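All remarks here apply to the structure that follows.
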Amino acid sequence: MIEIKNLSYAYPDGDHLRVLLKDVNVSFSEGILNVLSGRSGCGKTSLLYCLGGFETEYEGRILFDRTDIRQLDGDEFRRKKIAFIFQNFNLFGNLSVLDNIRCALAISDTKYDADLCSRTLRRLGIREDQFSRKVSILSGGEQQRVAIARALLTKKDIILADEPTGNLDLETSREIIKLLKALVHETGKTMIVVSHDPEVISEADRLFTITGKKILETR
Amino acid sequence: MKQIEKQHIAPIRYFLRHRTPVPLMLMFLLANIVIAQVFVLRDAARSENELYSTIRSAYTLNNDHLFGSLTRVSRLGNDVAFDPDGNRPYTDEYLLCVDHFLQKVKELGNDEDVVYFSYNLSQPMFFICGESTVWGTTFGIEDLSFTDRQGLLLDGLTQELQEDEIIVPHVYHDLFPIGSTLDLTAQDSGEELITLKVSGYYHTFDRYDDSYGAEDTFLNSHGFLLKNRTMEKLYQEHSYLNGGIFDGKYYGGMNIDNIVFSLKDHESYLNFQKKIEDAVQDINDYSWKTGGIYDTGVRVSRTDIAQQLKQILLIKKISSFFCVLLTLLYLPFLISYVRYYLLRIQKDLRLFYIQGISLKKLHRTVMLILSGCVLLTMLLGVFSEYLITYGIDRYLTATSQRYLQEFYAYSLNGEFVQTVLPDFHGNIDWPLQGMIFLFDLLVIGTAVFLQRKKLTKGVRVRD
């Protein structure tokens with residue numbers, strides 16, 4: 001469970017601060033697909049980075065298991081608890097599929113289980129002959145699947161996804177989001193997806209919309 | 001601790017395997033070698049240029065070496081080892097030089113300023129001390145208050161030197177660097193051979209005895225070392241003209257060992273001094289055109305030596321110029337490559353940061369790799385400099401050294417003397433290496449500075 005208490009966030013825009021979020025209170029449930037939506041520039045991604053520990057300059061509190069995440073070791077928190085899925089995948093393009101996963105596992109101090117890794121990748125639609133291929137030669141959809149596999153295999157409690165379908169075609173987007181939803185239901189992890197993709201929004205178990213510097217739960 | 005180590009292994013392994021600094025190191029290495037060569041070649045050229053000038057001046061300004069070579073040949077003429085058949089290996093060039101020399105000497109003997117003249121050059125075993133000539137031609141009457149003295153020993157000085165005294169041939173002074181130790185055996189004092197030993201370097205004699213006073217100038221300019229005895233004592237001991245006329249009426253004399261000139265008066269001396277200089281120049285020019293230096297039957301032309309040295313110097317200067325040019329052209333490319341490398345690393349850092357490695361630790365890792373890279377490059381640079389100086393540069397320097405050694409061999413009347421030419425072979429120039437290290441840091445620093453805007457932003461998660 002991750003909770004946001006009275007969170008206000010602003011960033012410097014020239015010589016004044018631009019407030020994006022003001023006294024936001026919200027909690028995200030485990031085992032369901034939480035989707036955060038809103039207009040471009042409304043602060044979706046900023047909120048995601050606050051949740052992920054990348055942004056620490058905000059007012060209010062973000063609680064993870066009832067502990068303020070700013071009281072935790074930020075790097076360790078990200079390493080142990082947070083998995084990110086990005087619109088542009090953020091994989092090591094010159095490493096193979098397996099090496100990308102091994103590298104992430106080594107960093108998060110998670111034991112590499114070849115069988116589990118293989119099953120997860122296969123389930124995500126990566127063929128075995130692609131395991132040892134360089135990520136850079138895979139298609140966008142395949143790369144995003146690898147990124148999802150990486151997030152899942154590191155066994156982190158929270159998965160944050162920033163426009164995970166932003167670079168994908170409609171069909172692939174649909175597949176990916178359905179897959180994410182299924183996986184989160186199975187694993188019981190906390191997943192927060194930032195998106196304004198209608199396909200993603202339609203699949204949301206809980207939908208939050210940022211409007212007027214506030215977050216409203218619209219579903 | 002174990003965890004920290006583990007999380008560091010991934011980026012370190014990644015950087016070493018996939019962002020290997022080897023191309024970067026090779027590029028730096030190339031730059032370092034080129035820079036090192038600029039300085040090595042420059043130093044070599046400078047040093048040899050000085051030697052070259054010295055050789056030229058030796059032949060053109062005084063006749064030490066003409067006399068030295070004549071002496072050499074005259075001595076070797078009686079040396080069985082010189083010619084297995086016992087024949088005197090006088091070449092036509094040599095004999096021409098001797099004839100020319102004798103003719104000049106005779107002409108001088110007929111000079112109206114000369115009141116007494118004798119020479120004993122008819123024998124093959126004549127010896128001419130070049131230093132005596134130097135003294136004779138440039139003897140500083142003004143410095144020595146000549147009129148107050150009844151005569152001066154010139155030849156006698158040579159013959160009666162004590163064991164701890166040596167006449168340092170005028171021309172050699174600049175060849176022996178200050179502070180160097182030179183052990184040599186010079187045989188030089190006319191028909192009697194005297195072994196002289198000198199340790200250390202005596203370029204000037206100011207340091208010896210303040211009692212020399214104003215005569216320091218004389219000593220400096222003529223360069224002979226007289227330990228333990230002041231000039232005053234020398235005059236007392238040797239106040240006669242060897243083989244000449246000395247009855248208190250004559251004011252000067254000139255002695256080139258077996259050639260004795262006595263002069264009418266002070267003015268005659270000054271006139272004659274000029275004539276001697278002209279004659280020496282004439283002999284020198286003649287010898288330069290026709291003569292050679294002789295070595296156990298093999299003729300090595302001094303003109304050849306000069307030409308060879310000139311060519312070697314030219315090659316070194318051209319090489320040095322191209323090295324500088326290459327460095328200047330290469331530098332922007334090198335900086336650009338470092339920037340590119342940093343940019344690539346920066347993208348990787350971002351990916352590691354996302355996965356939970358702190359920026360501070362990542363930067364530390366990268367700095368560690370870059371420092372190791374610079375250090376390793378420096379070590380490789382030192383090693384390559386060592387190899388290169390044993391390779392490419394060796395040929396040029398060794399060639400010039402060979403000629404120079406031959407030159408020195410003759411300049412000390414046949415006694416082989418190891419030259420004190422700076423040795424570039426295999427020597428590691430640590431100050432130069434330090435400078436190159438600073439250059440590497442400067443390049444990296446410049447690249448970081450140019451890249452600073454992107455670097456100072458740190459690793460941003462947003463694209």
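A note on names: the letters A, B, ... follow the listed sequences, proteins ahead of strands, and every chain is numbered from 1. Only this structure's heavy atoms are used, side chains among them; waters, hydrogens and symmetry mates stay out. Here the structure is a predicted model, which means the values were calculated and not measured.
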- Hey, is NZ on A:Lys5 packed in by over 12 heavy atoms from elsewhere, all under 6.0 Å? no
- Exceeds 12 heavy-atom contacts within 6.0 angstrom, atom CZ of A:Arg133: yes
- Task: Check the surroundings of atom CZ in B:Phe322: do more than 12 heavy atoms from other residues, nucleotides or ligands lie under 6.0 Å from it?
- Result: no
- Task: Calculate, to the nearest 0.5 Å, the distance between atoms CZ and CD1 belonging to A:Phe86 and B:Ile354 respectively.
- Result: 4.0 Å
- Message: Using side-chain hydrogen bond (donor to acceptor under 3.5 Å, both in side chains), reason through A:Asp99 and B:Tyr14 one step at a time and then give a plain yes or no.
- Response: CA-CA 10 Å; A:Asp99 283 343; B:Tyr14 175 83; over 6 Å; no
- Hey, what do you get for CZ (A:Phe92) to NE2 (B:His18), rounding to the nearest 0.5 Å? 9.5 Å
- From A:Ile107 CD1 over to B:Ile357 CD1, what is the distance, rounded to the nearest 0.5 angstrom? 4.0 Å
- Message: Main chain of B:Tyr353, side chain of A:Arg78: is a donor-acceptor contact present, judged purely on distance under 3.5 Å?
- Response: yes
- Note on the structure: Rounding to 0.5 Å, atoms CG (A:Asn90) and CZ (B:Arg350) come to a distance of 4.0 Å
- Step through the shown structure and confirm whether more than 12 heavy atoms of other residues, nucleotides or ligands are within 6.0 Å of OH on B:Tyr340. no
- Spatial distance of atom CD (B:Gln355) from atom NZ (A:Lys156) [nearest 0.5 Å]: 6.5 Å
- Task: Select one option (side chain, backbone, both, neither) describing which atoms of A:Ile82 are under 4.5 Å from chain B's heavy atoms.
- Result: neither
- Item | Atom group of A:Arg150 that falls short of 4.5 Å from chain B, counting heavy atoms | side chain
- Task: May I ask you to check whether over 12 heavy atoms, not counting those of A:Arg70, lie within 6.0 Å of atom CZ?
- Result: yes
